[in-house]
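Worksheet for the structure shown next.
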Amino acid sequence: MYYVGVDLGTSAVKLLLMEGTGKIANIVSREYPLYFPNPGWSEQDPEDWWSAVKEGLKELIKDCDRSQVAGISFGGQMHGLVILDKDDNVIRPAILWNDGRTQEETDYLNNEIGKDRLSKYTANIAFTGFTAPKILWVKNKEPENFAKISKIMLPKDYIAYMLTGSFCTDVSDASGMLLFDVEHKCWSREMMEICGVSEAQLAKIYESYDVVGTLKPEVAAELGLSEQVKVAAGAGDNAAAAIGTGTVGDGMCNISLGTSGTIFISSRNFGVDKNNALHSFAHADGRYHLMGCMLSAASCNKWWMEEILQTTEFGKEQAAITDDRLGNNHVYFLPYLMGERSPHNDANARGTFIGMTMDSTRADLYQAVLEGVAFAIRDSFEVAKSLGVDIRSSKICGGGAKSPLWRKIFANVLNIRLDIIESEEGPGYGGAILAAVACGEYASVEEAAAKLVKVVDSVEPDPELAARYEERYRRFARIYPAVKELFPEIS
């Protein structure tokens, strides 16, 4: 049988066709516009998503036996606000995860409602990207649109609705709305009251691997598929990517070094750190996860190389950072080029070099950049450990993870084994796995991940080097608290 994973991203939808064995049979992408109607705003038309998904699906399955397509599921961009009226018309363009218009509403939630109450209701505090501040923005700035709202959806859930007619969401994506009681996996009545919405306007909640419906007859006919094709709820992009890397069960970890960086830690038990430094969300495997997000990860590497050194010879520059230098650098770098989210939640934080002397070299500074990103990920790692999460190893993926040097630095800064996996198709592969579980190909997400996700290489920490990095991390951890009061003055 075949299973389709739909990765609904910000710039394009990526569709993946997976055989039941886990083999990828085809991948298709379709782009759609992104609109910036005002500075800091970011919007898309949900109907553009739907058109791209339909055309992409037709291309994806054109050369396969369509009668063997059994299920479809999703990994989708999180936090976006999609609102429909009573006739199922899209009321206004979707307000996306990277839209920054809601600072006033975010401050209201964090400061007037209060972070303690928000954490009690939802296990999280407010960020401008979350959905609840967007709802308040529509309520405050577009009351005529707010009055029309019949259904409130997340981006991937709009596609599920168009495919099946099921008004649904999953626990992982709902966790990022600031309307969801993560611990009890239900809508928060207190947050609904604060935002002025009713439960009837919110979707029915499913686990990510639950079947939410089958294809509507007219959709099945247009796609050339059976009406019996099952659609599973799917997951937010980070949770779906975690499924695709096998980050399921208790204490499993994945580090992603993309433009931004994330550390994703799965857990059997619900937990919230006292400072809400990490996001506490439900996971697509039926349990929970903690996630730390740093805003500049591989982008620090790109900035240093292309903007400062003005070269793209990454390998040549890294070759100067020899093994004897690791753990011995006297230069430190705070990687906060765009402010920072986890664990500091400080928009004013800035990139900072400290410790330079007359004998500091080009290689010392580049090494400090690579180490600074690893130390910043460790900050979130330490928060998770403080909650009793026992992390013995981690997957590592993303563009930055292609560097053997950076992988070695990470393994020793964190003092854990790092595993490199065969496939890096992320949310799309995770979505296909969820579809396979929903259709009974596998008994559980954990079973599917164990059978389908293959480790092809590993990096083990060196005890002596890890000890040197332990000492250096303790110094790094003291730098931000010492300089943070300066950042508002210079940012």
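These values consider heavy atoms only, across backbone and side chains, with no hydrogens, waters or symmetry-generated copies. In what follows, residues are counted from 1 in the order of the sequence shown. Here the structure is a predicted model, which is why all the values come from computation and not from measurement.
When Trp97, Phe130, Phe180 are each tested for a ring-ring contact (aromatic ring centres under 6.0 Å, His included) with His79, only one passes: Phe130. A side chain to side chain contact (heavy atoms under 4.5 Å, CB included) with Met177 is found for exactly one of Thr122, Asn124, Ile152, namely Ile152.
His279 and Phe127 have their aromatic ring centers within a separation under 6.0 angstrom. Note: Tyr332 and Phe476 fail the aromatic proximity criterion, with ring centroids not under 6.0 Å apart.
Atom NE2 of residue His344 and atom CE of residue Met294 lie 9.5 Å apart, to the nearest 0.5 angstrom. Between Tyr469 atom OH and Arg474 atom CZ the span is 15.5 Å, to the nearest 0.5 Å.
Side-chain contact annotation: Asp285 with Tyr209, donor-acceptor N/O pair under 3.5 Å absent. A donor-acceptor pair shorter than 3.5 Å can be found between the side chains of Tyr480 and Asp346. For the 3.5 Å distance criterion, the side chains of Glu441 and Tyr3 qualify, holding a donor opposite an acceptor. No side-chain donor-acceptor contact under 3.5 Å links Asn269 and Ser267.
Taking the centre and axis of the six-membered ring of Phe314, the NZ or CZ atom of Lys302 falls outside the cone set by 45° and 6.0 Å.
Using a 4.0 Å cut-off between a side-chain N of Lys or Arg and a carboxylate O of Asp or Glu, Glu193 and Arg189 do not qualify as a salt bridge.
Among residues two or more places apart in sequence or in another chain, the side chain to side chain donor-acceptor pair (under 3.5 Å) test is passed with Asn98 by Ser42.
Between the side chain of Gln201 and the backbone N or O of Ser198, at least one donor-acceptor pair lies under 3.5 Å. Checked by atom type and distance alone, the side chain of Asn110 pairs as donor or acceptor with a backbone atom of Ala126 at under 3.5 Å.
The number of heavy-atom neighbours closer than 6.0 Å to CD of Glu31, taken from other residues, nucleotides and ligands shown, is 12 or below.
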